[in-house]
Amino acid sequence: MIIENRDALLKERELAQKEIDSYTCRILVCAGTGCVASGSEKIYKKMCELCKDMDGVSVEFQNEVPHIGTVKTGCQGVCELGPLVRIEPLHYQYVKVQEEDCMEIFQRTVLKKEPVERLFYTKNETSYPTPDDIPFIAKQTRIVLENCGKFDAESLDEYIASGGYDALSKALFDMTPEDVIEEVDKSGLRGRGGGGFPCGRKWKQVAAHKEEPVRYVVCNGDEGDPGAFMDGSVMEGDPYRLIEGMTIAAYAVGSSEGYIYVRAEYPLSVARLRHAMKQAEEKGLLGDNILGTGFSFHMHINRGAGAFVCGEGSALTASIEGDRGMPRVKPPRTVDKGLWAKPTVLNNVETFANVPGIVLKGSDWFRTIGTEKSPGTKTFSLTGAIENTGLIEVPMGTTLREIIYDIGGGIKGGGDFKAIQIGGPSGGCLTKDHLDVGLDFDSVKKYNAIVGSGGLVVMDENTCMVEVARFFMSFTQRESCGKCVPCREGTKRMLEILERIVNGKGKLEDLDTLEELATMVKNMALCGLGKSAPLPVISTLKTFRKEYEEHILEHKCAAKSCTAMRKYVINPEFCKGCGKCAKNCPVGAITGVRKEAYHINSSLCIKCDACRENCAFDAVYVEY
């Protein structure tokens with residue numbers, strides 16, 4: 001049934017809420033990518049089978065015949081503990097659920113309302129029965145992610161029941177396009193894709209093109225940073241919020257066409273977005289004459305081919321147009337000549353997902369969260385050497401200490417914190433000295449880092465910072481489109497130097513050359529990829545210069561991770577002279593006489609570890 005006006009939307013909400021309330025119990029199975037990878041699909045199917053068997057069977061359930069349902073939710077956030085199952089209205093959160101646990105959950109919790117305590121999250125002998133009890137979730141502030149994990153990610157009715165489309169209704173019936181832009185501008189919302197450009201200012205610039213009737217709204221869902229999965233989780237877990245945010249933006253700037261650019265590695269995001277768009281069109285919330293107002297907005301999905309550079313605005317629009325994704329010289333900027341040379345609003349998923357809340361609750365509400373210059377929250381993906389990996393959302397300005405220790409649970413295995421890579425491969429490293437620095441767009445720039453899209457990779461004392469710089473430089477060099485010389489050649493030369501250093505062949509003057517190249521690439525590259533590519537090198541050289549010097553002068557890796565720095569040695573006291581190590585050495589680096597201690601020629605050794613693996617007497621060891 002098409003929702004033709006505001007009253008019809010309210011009626012649809014009442015019907016949807018009534019349907020949800022009719023369930024005596026609902027089983028919410030996390031169907032985010034992380035939980036799917038760990039087996040949640042099997043759990044969902046098993047729970048569906050158990051619910052199906054209930055049809056027509058009268059079972060006493062507090063004097064009622066049970067009405068039980070199983071639904072797939074978006075990412076519930078605690079990825080480290082998946083597969084996750086939530087039981088409502090009891091609000092129980094079960095972690096690390098396996099298929100064999102389903103029958104017990106069904107019989108004890110679903111039918112008898114008894115907890116299966118062994119499936120609760122437990123830390124230091126304390127059990128946390130509900131998701132709000134778990135410190136990882138309890139210490140977050142969820143705006144963009146508030147719906148993820150709470151209802152069926154594929155149901156428009158459940159989104160409407162949660163208050164969905166109230167913001168669009170308010171914008172269309174109570175506000176002019178200028179009012180919407182002004183509210184977004186006053187909120188101080190800045191682009192969450194990494195640049196931090198004021199969202200309202202961008203919308204004003206597009207709306208100012210009165211002479212141009214064709215304008216576009218484009219969503220950047222490319223998210224190419226290694227270890228980042230924030231936007232993907234929103235597209236999977238709450239696709240309607242993104243669609244509503246884009247529709248409001250289209251109304252504000254006078255656009256009738258929108259595009260979502262999603263990387264090919266996000267098939268679940270694409271599937272859920274397509275399903276959501278189809279449902280919204282069938283209900284009259286997308287397409288022609290939305291809510292009977294005469295306003296029309298049509299949306300399309302474009303799948304990227306996995307090019308990291310297509311996260312840059314002009315490269316992204318070129319890719320949508322069917323050309324090779326390469327940045328262009330600016331000006332003109334996207335707001336003036338973007339998609340098909342028309343004025344274009346280009347924001348990322350998280351930015352658009354903030355818009356409904358701002359329109360509905362007002363800019364003053366939004367400014368009560370975060371910092372003065374960076375209001376609101378920021379989603380981060382927390383990965384690496386940390387106890388609790390997963391998806392988090394915290395107010396802008398939250399310190400690293402709070403994120404790592406209060407939310408993340410500290411360093412995995414009780415190790416020592418060494419550094420955190422922030423902003424993806426084009427970001428920088430922050431250290432112990434920065435634990436009390438608030439994460440917002442402006443603060444981290446002082447330390448040669450960027451918030452970026454929100455990837456956080458935590459590193460402990462076993463991490464080699466020279467190798468970290470080499471790894472990220474390898475990524476950005478490989479992903480460079482090659483259009484401009486500073487990025488194409490500069491990153492390649494920097495990578496060659498870093499590879500020499502980790503291979504034990506570096507020279508002290510290489511450090512000066514690295515710094516010169518980094519400055520040149522940062523200042524002269526054409527697009528954001530090139531300008532930020534040297535940041536991991538700049539920040540690690542500044543903070544961990546001693547590690548670089550140890551690699552060069554002492555051929556030593558303090559973290560014991562650089563293979564070239566290893567030296568394989570045979571302990572003559574343990575060696576029995578069996579010759580097994582020599583037989584398995586692929587390069588003939590081991591010599592000796594049977595029943596006497598063998599010897600490894602370090603100049604020939606390729607550090608393949610075959611000798612140590614094949615020694616039955618633990619006579620082979622590694623020196624660093």
(Q) If I take atom CD from residue Glu265 and atom OG1 from residue Thr33, how far apart are they, to the nearest 0.5 angstrom? (A) 11.5 Å
Q. With side chains defined as the heavy atoms from C-beta onward, is the minimum distance between Arg215 and Lys342 less than 4.5 Å?
A. no
**Q.** Pair Asp179-Thr176, side-chain donor/acceptor within less than 3.5 Å
**A.** yes
**Q.** Cys75 to Cys148 - nearest heavy-atom pair and separation
**A.** O-CB, 3.3 Å
Q) In Å, rounded to the nearest 0.5 Å, how long is the span from CZ of Phe151 to CG of Leu28? A) 10.5 Å
**Q.** Heavy-atom donor-acceptor pair, Asp185 side chain to Ile181 backbone, under 3.5 Å
**A.** no
Q. Can you tell if the side chain of His91 reaches within under 4.5 Å of the side chain of Pro131, non-hydrogen atoms only?
A. yes
**Q.** Lys72, NZ: over 12 other non-hydrogen atoms inside 6.0 angstrom
**A.** yes
Q.
Could you check whether any side-chain heavy atom of Leu382 comes within less than 4.5 Å of a side-chain heavy atom of Ile403, counting everything from C-beta outward?
A. yes
Q | Set of side chain to side chain contact (heavy atoms under 4.5 Å, CB included) partners for Glu154, sequence neighbours left out | A | Asp152, Arg272, His275
(Q) Checking the side chain of Gln140 only, and the main-chain atoms of Phe136 only, is there a donor and an acceptor separated by less than 3.5 Å? (A) yes
**Q.** Residue pair Arg328 / Ser314, side-chain donor-acceptor N/O under 3.5 Å
**A.** no
Q.
What I want to find out is whether Glu88 reaches Lys150 closely enough, with some N-O distance under 4.0 Å, to be called a salt bridge.
A. no
**Q.** Pro331 vs Asp336 side-chain heavy atoms within contact, under 4.5 Å
**A.** no
Q) Can you name the side chain to side chain contact (heavy atoms under 4.5 Å, CB included) partners of Glu282, sequence neighbours left out? A) Lys278
(Q) Once rounded to the nearest 0.5 Å, what's the spacing between atom CG of Leu439 and atom OG1 of Thr399? (A) 7.5 Å
Q: Go through the side-chain N and O atoms of Glu211 and His209 and say whether any donor and acceptor fall under 3.5 Å apart.
A: yes
Q) Do Asp157 and Lys283 pass the salt bridge (Lys or Arg N to Asp or Glu O under 4.0 Å) test, and can you show the C-alpha distance, the side-chain angles, and the key distance before you say yes or no? A) CA-CA 10 Å; Asp157 287 340; Lys283 291 283 188 180; 3.8 Å; yes
Q) With under 30° as parallel and over 60° as perpendicular, where do the rings of His434 and Tyr447 fit, or are they tilted in between? A) tilted
**Q.** Tyr266 and Glu236 side chains, donor-acceptor separation under 3.5 Å
**A.** no
(Q) With a 3.5 Å distance limit and no angle check, can you tell me whether Ser539 reaches the backbone of Gly428 through a side-chain donor-acceptor pair? (A) no
**Q.** Option passing side-chain contact (heavy atoms from CB on, under 4.5 Å) with Leu145 (candidates Ile137, Val234, Asp238)
**A.** Val234
Q: Look at atom NZ of Lys330 and say whether more than 12 heavy atoms of other residues, nucleotides or ligands are closer to it than 6.0 Å.
A: yes
Q) Thinking salt bridges, do Lys139 and Glu402 make one under a 4.0 Å N-O criterion? A) no
**Q.** Non-hydrogen side-chain atoms of Leu526 and Cys487 separated by less than 4.5 Å
**A.** no
**Q.** Rounded distance (nearest 0.5 Å) linking atom OG of Ser269 with atom CG of Leu242
**A.** 10.0 Å
Q | Main-chain N/O of Ala315 paired with Ser319 side-chain donor or acceptor, under 3.5 Å | A | no
(Q) Is it the case that the side chains of Thr379 and Glu393 hold a donor-acceptor pair, with the cut-off being a distance below 3.5 Å and no angle test? (A) no
(Q) Strictly by side-chain hydrogen bond (donor to acceptor under 3.5 Å, both in side chains), give each pair with a member in residues 247-257 just once, sequence neighbours left out. (A) Glu257-His300
Q) Are the side chain of Glu223 and the backbone N or O of Gly232 linked by a donor-acceptor pair below 3.5 Å? A) yes
Q) Between Glu182 and Lys204, is there a side-chain N and carboxylate O pair less than 4.0 Å apart? A) yes
Q. So do Arg190 and Asp442 actually touch side chain to side chain, heavy atoms under 4.5 Å?
A. yes
Q. Do the charged groups of Arg6 and Asp174 touch, with an N to O distance under 4.0 Å?
A. yes
**Q.** Flag, side chain of Glu479 to backbone of Phe308, donor-acceptor distance under 3.5 Å
**A.** yes
Q: Check whether any side-chain heavy atom of Thr334 sits under 4.5 Å from a side-chain heavy atom of Leu316, and report yes or no.
A: no
Q.
Quick check: do Val309 and Pro327 have side-chain heavy atoms less than 4.5 Å from each other?
A. yes
Q: For residues Val180 and Ala252, report the shortest heavy-atom separation together with the two atoms involved.
A: CG1-CB, 3.8 Å
Q. Could Lys170 and Glu183 be called an ion pair, given the rule that one side-chain N must be under 4.0 Å from one carboxylate O?
A. no
**Q.** Rounded distance (nearest 0.5 Å) linking atom CG of Leu189 with atom CZ of Phe352
**A.** 10.0 Å
**Q.** Distance-only side-chain donor-acceptor flag, Glu244 / Tyr159, under 3.5 Å
**A.** yes
(Q) Rounded at 0.5 Å granularity, tell me how far CZ in Arg324 sits from SG in Cys310. (A) 9.5 Å
